[in-house]
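Order of the sequence lines fixes the chain letters, A, B, ..., with proteins taken first and strands second; residue numbering starts at 1 for each chain. All values below come from the heavy atoms of this structure, side chains included, with hydrogens, waters and symmetry mates left out.
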Amino acid sequence: MLGRWEVRHGGCAPAPRRRIRTAAGSAGPCHGSRSRRKKRRRMRRTAPRGTLRKIIKKHKPHLRLAANTDLLVHLSFLLFLHRLAEEARTNAFENKSKVIKPEHTIAAAKVILKKSRG
Amino acid sequence: MVRWAAFHRGLLTHRQPAGAGPGSGGPELHLHGQVDGLHVLGRAPYRGLGGGAGALRGGGGGGGGGAGAAGGPRCFALVDAAQREDGGHPHQGGSGSGKENKAGSSTPRRHRPNAFSELDNATPRLMLRRIIQNQPQVSPLALQTVQCEEREDARSEPPSQRTSSTVELQLPDLAPDDTSVTTFQVTRKRKKLSVSEFERAADKRLPQNQAHSTLDSTLARSLRMSVGSVIAPDTVEKRGLLRRPQNRRAIDIVAFEGGVEQNMLQRKEDYLVDSQTTSMIGTTTMRTDAEVVLNNTELFVEPQFDERNHFPLEPQLSDSKTSAQRSNASYPARGEARQEGLVSGVSTDGGRTQRFSVKDVIADGEHVDGITQKTPAKQGEEEQDHSQQNDPMEQFSESEEMVGKHHVDAEYSERSEKKLSRKAESQLTMAQDGGAEMEMTPSEEEGEAEGTEHQDSPKTELEMAGSVRAGSLGGHSPASYSFEIPGAKPLKEAVEQTGETEHKTVAGELNAAEEESTDDESETEDQESEEVSMKTPMFVRAAAYSPRPVLSPPRPVKSAAPELPPQPARAKPVPKSSGAAQRKTREPEIASGLIKQIFKHYAKMPVTRDAYKVVEKCSERYFKQISSDLEAYSQHAGRKTVEMADVEVLMRRQGLVTDKMPLHVLVERHLPLEYRKLLIPIAVSGNKVIPCK
């Protein structure tokens, strides 16, 4: 699997495409921009690497982090928020509400946190 | 050859369109049998004509046969004539000739048009003629007479209008009558008009067309009726010209804008009322505070200024004027008002007075008058006057509003008064302390901005006061004056309450700028105990902006300027309070703004602010979870360092990475390119892999 991806990324051609996609929004094509007419704001793309390290250090001071592991941690955090948002959105829809309310989020968090246990 | 010669003669003789329809039907049959080759296009429609009027048949039996092509292609006539001659129908030829005489003796004329008769068969007029011939039942008697008359008149018809059918003899009569014939030709198959309408129109036209011929009108009427789709020109014209009287009322801009603000205020009030009802628990304190303060600030922006200005002696006037300036300026032009207010805030009292005079010219006379009226009235009084002044104005709208909300308005008025009093205090201090002014003017501006948005259009002072409330605005402004007196009574309750708060505010009024800010906060805290908890003015204002999507566009513009100066001003009190060398040791937390941004992006739905708090807590809990998980994984691998494999295992266990969804795809999707380069090794030429593994 890794070899396949290696070959795929061998050329520069995919890079600009990916770049453009990123420019459009860090969300992938499946997540697409909102269909609203609102101007699509760019998502902040830089991960708070230092903050992440500090947080993990705060919880586990003896634990060390390898080179780019905080990026993967950031990725997992993004996906967690993504799941949480989807779940909260579903809850809001079920409640026939057009706004995500705290109760929706709390119910969603219960489910997703349980799912995100390693 | 002889036959052909006879044929030609027959052609000449039988060319007339007087041939009866039915008559043509018979010979046509013959024609079909014998002269298929001479079929012409227009033959088919003529069959119908052939089967038409029985009255015509009798007379036109021979003529029809002779004419053959009932108004149709002359070649039919030719064919018929040839047929007849061949078939030996001398009587037909005679009758046809007789008809021909009736129609007219302009044979040479007719000869030429025969060539074109084929084409004319398809014209709408001719088709209509045939239809009419087939449907004379509408007014059979009249038609009969008309037909008889028309036959006589048919002789004078131009040859182009000749048709073989007897009925068509009548049609030529109509030809010269452009009015009636044109209606035929203009067969716009529009919506079907009622017969009665036609009749009425036709009747109207009857006297008009009497000169032409009664025949024509009746025929036209019958035609119209039969056709059903031809619209009488008169009726058409009338329909086109007759339009519903448009009662256009000049839009009263003031009333309109007042109505707009009313709606907004109503919305806010509803929101506020709802929030208040639910805020008893205190869950939505923020929102209610924002709403309350929002309403308060807007309402009291103007009157408060007047009141507060009265307290200090000399500065009062200037302050009131400045406030009036601000209020006035805010009304006409937000941007200008804001800038001027800022400028006025910074300038000296003298400058303010000058500007005030200028503003008076600029601002609405009503505003100025209202304020000036208030100022002289209140100058000798204390906060109660101020509150009274505000309350009556508020009460105008309040009384105007739904009764149920009256008490709510009173509360609002109280809060707004307190808010305004604080603001007025800030104004005073600003006048005294230039530095503080910067801080307060923006806040005032914000408050004014909030209020101005409501009050921009409504120019009356009542609107100013009442604009905040969802009560009467422009439209009710004149009535609000009348309400002033009755409103004053219920206001006294609020007045007393507000007076108390006013006193508090007044007490803290003379403090330094920083103290004022703290006083404001303390006042808010006091108010919290009384009512719903209130936040700092800036926060409130910031929150106030959110429930106002309608006015959001101007708001950012407004808030942009005032927000800039407060930031440097606020920086001053913060370090002072915490100490010089104190460094804030914050717990490392993910930036709430980033969380909000990411969550908002993924949610694709509006999210309440409280929900973001929940999300923040969830993310804290999440980091705690994964840190323990990663520790466990690395420990399981006998390492003390978390590696990429550990995090991948974590994501696999979370269900994010599956066999179908490799990690690199996720990296590619959710992370920016810079990180992708770091995370995903790329093989380049020279047997190199970047980043090197």
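- Side-chain contact between F599(B) and H82(A) is absent, with no heavy atoms from C-beta onward closer than 4.5 Å.
- A heavy-atom distance below 4.5 Å is not found between the side chains of T46(A) and P672(B).
- Scanning all heavy atoms of the two residues, the minimum distance from S627(B) to I56(A) falls at CB-CG2, 4.3 Å.
- Taking CG of L84(A) as the reference point, atom CD1 of I598(B) lies at 12.0 Å (rounded to 0.5 Å).
- Across every non-hydrogen atom of S76(A) and M651(B), the tightest pair is CB-CG, 4.1 Å.
- To the nearest 0.5 Å, the span separating CG on L52(A) from CD1 on I590(B) amounts to 4.5 Å.
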Dump the intermediate steps for side-chain contact (heavy atoms from CB on, under 4.5 Å) on R117(A) and Q654(B), then the final yes or no. CA-CA 6 Å; R117(A) 277 185 304 128; Q654(B) 283 178 344; over 6 Å; no
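- Counting heavy atoms from C-beta outward, L79(A) and H670(B) have side chains that approach closer than 4.5 Å.
- The nearest pair of heavy atoms linking C618(B) to L113(A) is O-CD2, 4.1 Å.
- Residue S97(A) touches chain B through its backbone alone, counting heavy-atom pairs closer than 4.5 Å.
- Listed for the T608(B) side chain is no donor-acceptor partner under 3.5 Å among the backbone atoms of V99(A).
- By the 4.5 Å heavy-atom criterion applied to side chains, L671(B) and H74(A) are counted as neighbours.
- Separating the CG atom in L679(B) from the CG atom in L75(A) is a distance of 8.0 Å, to the nearest 0.5 Å.
- For the options K98(A), R53(A), H104(A), K57(A), heavy-atom pairs under 4.5 Å to chain B are most numerous at K98(A).
- Taking a 6.0 Å sphere around CZ of R639(B), one finds it holds more than 12 heavy atoms contributed by other residues, nucleotides or ligands.
- When atom types are taken as modelled, the side chain of R64(A) and the backbone of K640(B) share no donor-acceptor pair closer than 3.5 angstrom.
- Here the straight-line distance linking atom CG of L65(A) with atom CE of M644(B) works out to 11.0 Å at 0.5 Å rounding.
- No more than 12 heavy-atom neighbours from other residues, nucleotides or ligands sit within 6.0 angstrom of NZ on K617(B).
- Counting heavy-atom pairs under 4.5 Å between each of L666(B), I595(B), V607(B), L650(B) and chain A puts V607(B) at the top.
- Here the OG atom belonging to S116(A) is positioned 7.0 Å from the CG atom belonging to L656(B), to the nearest 0.5 angstrom.
- Of the listed residues V614(B), D646(B), V667(B), L630(B), the one with more heavy-atom pairs under 4.5 angstrom with chain A than any other is V614(B).
- The aromatic rings of F80(A) and Y622(B) sit parallel, their planes meeting at an angle under 30°, below the 60° perpendicular limit.
- Under the 3.5 Å distance criterion, the side-chain polar atoms of Y675(B) are left unmatched by any main-chain donor or acceptor of N68(A).
- In the displayed structure, H62(A) atom NE2 is contacted under 6.0 Å by more than 12 heavy atoms of other residues, nucleotides or ligands.
- Considering all non-hydrogen atoms of both residues, E643(B) and A66(A) come closest at OE1-CB, 3.6 Å.
- Listed here is the closest heavy atom pair of M605(B) and A92(A): CE-CB, 3.7 Å.
- In this structure, chain A has a heavy atom under 4.5 Å from the side chain of Y633(B), while its backbone stays farther away.
- Side chains of K60(A) and S628(B) form a contact here, defined as non-hydrogen atoms less than 4.5 Å apart.
- Between V73(A) and F623(B), the shortest heavy-atom distance links the atoms CG1-CE2, 4.1 Å.
- Contacts of L678(B) with chain A are made by both backbone and side-chain atoms, with heavy-atom separations under 4.5 Å.
- In this structure, chain A has a heavy atom under 4.5 Å from the backbone of E589(B), while its side chain stays farther away.
- Side-chain contact between K604(B) and R89(A) is present, with heavy atoms from C-beta onward closer than 4.5 Å.
- Note: Q625(B) CD to H59(A) NE2 = 10.5 Å, rounded to the nearest 0.5 Å.
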